[in-house]
Amino acid sequence: MMRAKKTRRANTQRRALCLHGRFMPPGTNRNDEIDSFTEFVELFCEARDLKLKRRRRELRNRKRGLKKQAPLISKVGKILQEHLADEIDQEETARRIRRICPDDKTARSLLDFFSSPPKKSLPSEAQLIREKARIDRSERILRSWTQASRHIEILATHANTGDADAITNLAELGHHVVQFLLVAKRIHPEVVRSVSKSQGLWPLLVSAKSSWEKDAARQLEGLELARNLEILQVRFTSLRGSDENYPPRQWAKAAIRTLEETRRRVMTYGEYREEFQHIIFAGKAKLAETPLWAGAACRLPFLSTETVPAWAKVIRDMIRQELPDFHTRPEWQNQRNTATHSGRNTAGEIRNAILDDIISALKRIAPRAILPKSIS
């Protein structure tokens with residue numbers, strides 16, 4: 001009875017692999033979005049760990065195979081040379097090879113080795129050792145990152161309850177992380193730059209000094225932040241006025257980021273499909289239901305003024321599905337007042353008017369064009 005209860009509890013708490021982002025416009029409780037993203041990152045780490053383990057098994061098998069084949073390669077090679085020179089017939093060739101390696105698997109492996117082009121030859125012992133060391137190092141780093149993220153999540157849970165100690169600890173951790181990154185940037189600037197090009201966010205230290213903006217700018221010098229993400233994180237066209245004064249602009253930007261997050265998750269799933277499926281079939285997680293707009297988001301072209309109509313259709317569908325009663329939110333009070341004065345104040349008419357405003361803002365913030373170098 002105790003085992004059955006434990007199994008039911010585990011099933012109810014099973015994590016969900018969500019392949020789409022959560023649309024969370026400003027002013028929305030973001031807990032669901034954070035939980036979904038956290039679970040995706042955790043499952044991704046497990047999938048990556050599985051891929052590394054499989055790679056290590058492959059290396060071990062290749063290493064054992066090479067060690068077993070090495071003393072036989074020269075002997076089999078001489079026999080094959082005699083056969084190619086018509087000094088011995090096919091039956092004698094097979095007899096001699098069978099005498100040297102009676103194991104069928106080893107014999108087939110050796111023949112595959114000689115029949116493969118040079119570029120497909122087996123790696124050397126030194127290459128295998130270096131590759132194994134690299135994967136060992138990657139596993140240690142991944143394991144450390146996974147453990148650290150779990151402890152940070154515990155602190156964050158306490159911080160969300162207003163625990164002052166947890167908040168202090170998080171601040172101290174952030175301070176240490178930025179300091180370590182600054183040291184890494186100083187010692188290995190090219191490596192840090194190559195990483196930052198694929199990062200949409202980068203941690204900075206902000207001080208109480210009046211010159212904190214200059215200090216923050218110096219921390220970003222040479223990073224080329226998000227240079228490689230222009231396809232998955234479009235750079236919006238700058239407009240006058242603060243976004244806080246223009247709800248349609250805020251919603252348009254939030255919608256774009258949600259679609260971009262969805263595209264990133266689907267791409268990640270495709271890269272680690274076998275590992276994610278292993279986690280799902282093992283009962284460690286379930287695949288969350290994917291809305292129709294998510295599939296359409298993955299087929300969208302790059303966002304620009306020319307492709308706004310395609311993005312507009314998906315954004316309309318997404319907002320309607322994710323927030324059916326979005327027209328009742330306080331930021332759309334002006335639209336509701338206008339609809340009342342014009343006599344077109346049904347829920348459907350108000351929603352359409354709001355969506356029209358959002359798409360109008362989308363047209364204004366979309367970049368003019370995507371340069372070819374951004375696509376490469």
Side-chain angles (χ1 to χ4, degrees), residues 15 17 19 42-147 190-191 194-195 198 228 265-287 298 376:
R15 293 167 297 174
L17 176 62
L19 298 184
E42 288 179 352
L43 291 169
F44 163 70
C45 290
E46 293 180 23
R48 186 182 172 192
D49 195 25
L50 285 174
K51 196 166 191 173
L52 286 169
K53 289 179 180 178
R54 189 179 75 236
R55 178 62 175 153
R56 289 189 66 187
R57 285 196 300 269
E58 292 173 355
L59 285 171
R60 284 195 296 266
N61 292 336
R62 286 167 58 186
K63 186 175 180 179
R64 283 196 294 264
L66 182 59
K67 187 178 293 185
K68 193 173 183 180
Q69 292 175 8
L72 303 176
I73 288 177
S74 58
K75 296 179 181 180
V76 174
K78 290 179 181 179
I79 296 174
L80 292 176
Q81 285 178 348
E82 292 180 14
H83 172 67
L84 293 174
D86 292 330
E87 296 177 5
I88 57 175
D89 59 18
Q90 186 174 350
E91 292 182 359
E92 179 63 19
T93 301
R95 191 179 303 111
R96 290 190 184 182
I97 293 177
R98 175 63 65 184
R99 191 181 306 127
I100 294 173
C101 46
D103 179 53
D104 290 342
K105 187 175 181 180
T106 304
R108 284 195 297 269
S109 180
L110 284 168
L111 293 175
D112 289 341
F113 171 77
F114 284 105
S115 63
S116 300
K119 65 179 182 179
K120 293 184 179 179
S121 60
L122 292 173
S124 66
E125 185 85 2
Q127 289 174 319
L128 283 169
I129 292 174
R130 286 196 298 270
E131 179 70 1
K132 183 179 182 299
R134 184 189 67 81
I135 289 183
D136 287 343
R137 184 175 62 252
S138 297
E139 275 198 307
R140 286 195 299 270
I141 293 173
L142 178 61
R143 193 179 301 114
S144 299
W145 186 87
T146 303
Q147 292 173 351
E190 291 300 325
V191 177
S194 67
V195 172
S198 299
N228 295 339
R265 293 194 191 188
V266 172
M267 288 174 62
T268 302
Y269 178 80
E271 184 179 356
Y272 294 87
R273 180 185 297 274
E274 184 176 340
E275 290 74 26
F276 276 124
Q277 289 179 347
H278 176 83
I279 293 172
I280 293 171
F281 292 146
K284 297 179 180 179
K286 62 180 179 179
L287 185 62
C298 296
S376 61

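The chain is numbered in sequence order, starting from 1.
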- Considering residues at least two apart in sequence or located in another chain, which fulfil the side-chain contact (heavy atoms from CB on, under 4.5 Å) criterion with Q147? R143
- E87: partners by side-chain contact (heavy atoms from CB on, under 4.5 Å), with sequence neighbours left out: E82, A85
- Note on the structure: Quick note, side chain to side chain donor-acceptor pair (under 3.5 Å) partners involving residues 266-282, not counting sequence neighbours, are R54-E275
- Query: What distance separates T93 OG1 from Q81 CD, expressed to the nearest 0.5 Å?
  - Reply: 12.0 Å
- Query: Taking only residues two or more places apart in sequence or in another chain, which ones pass side-chain contact (heavy atoms from CB on, under 4.5 Å) with K53?
  - Reply: D49, R57, E139
- Query: Near K51 NZ, under 6.0 Å, is it more than 12 heavy atoms from other residues, nucleotides or ligands?
  - Reply: yes
- Under 4.5 Å between any side-chain heavy atoms of R15 and E46, yes or no? yes
- Task: Answer yes or no: is there a side-chain heavy-atom contact under 4.5 Å between R95 and R98?
- Result: no
- Query: What are the two closest heavy atoms between I88 and H83, and how far apart are they?
  - Reply: O-ND1, 3.4 Å
- Any side-chain heavy atom of L17 sitting closer than 4.5 Å to one from I279? no
- Task: Specify the closest pair of heavy atoms between R96 and I79, including all atoms of both residues, with the distance to one decimal.
- Result: CB-CD1, 3.6 Å
- Message: Under the rule for side-chain hydrogen bond (donor to acceptor under 3.5 Å, both in side chains), what residues qualify as partners of R265, not counting sequence neighbours?
- Response: S36, E261
- Starting at NZ of K75, measure out to SG of C101 and round the result to the nearest 0.5 Å. 10.0 Å
- Task: Just jot down the salt bridge (charged side-chain N to carboxylate O under 4.0 Å, His left out) partners of E190, sequence neighbours excluded, or say none.
- Result: R193
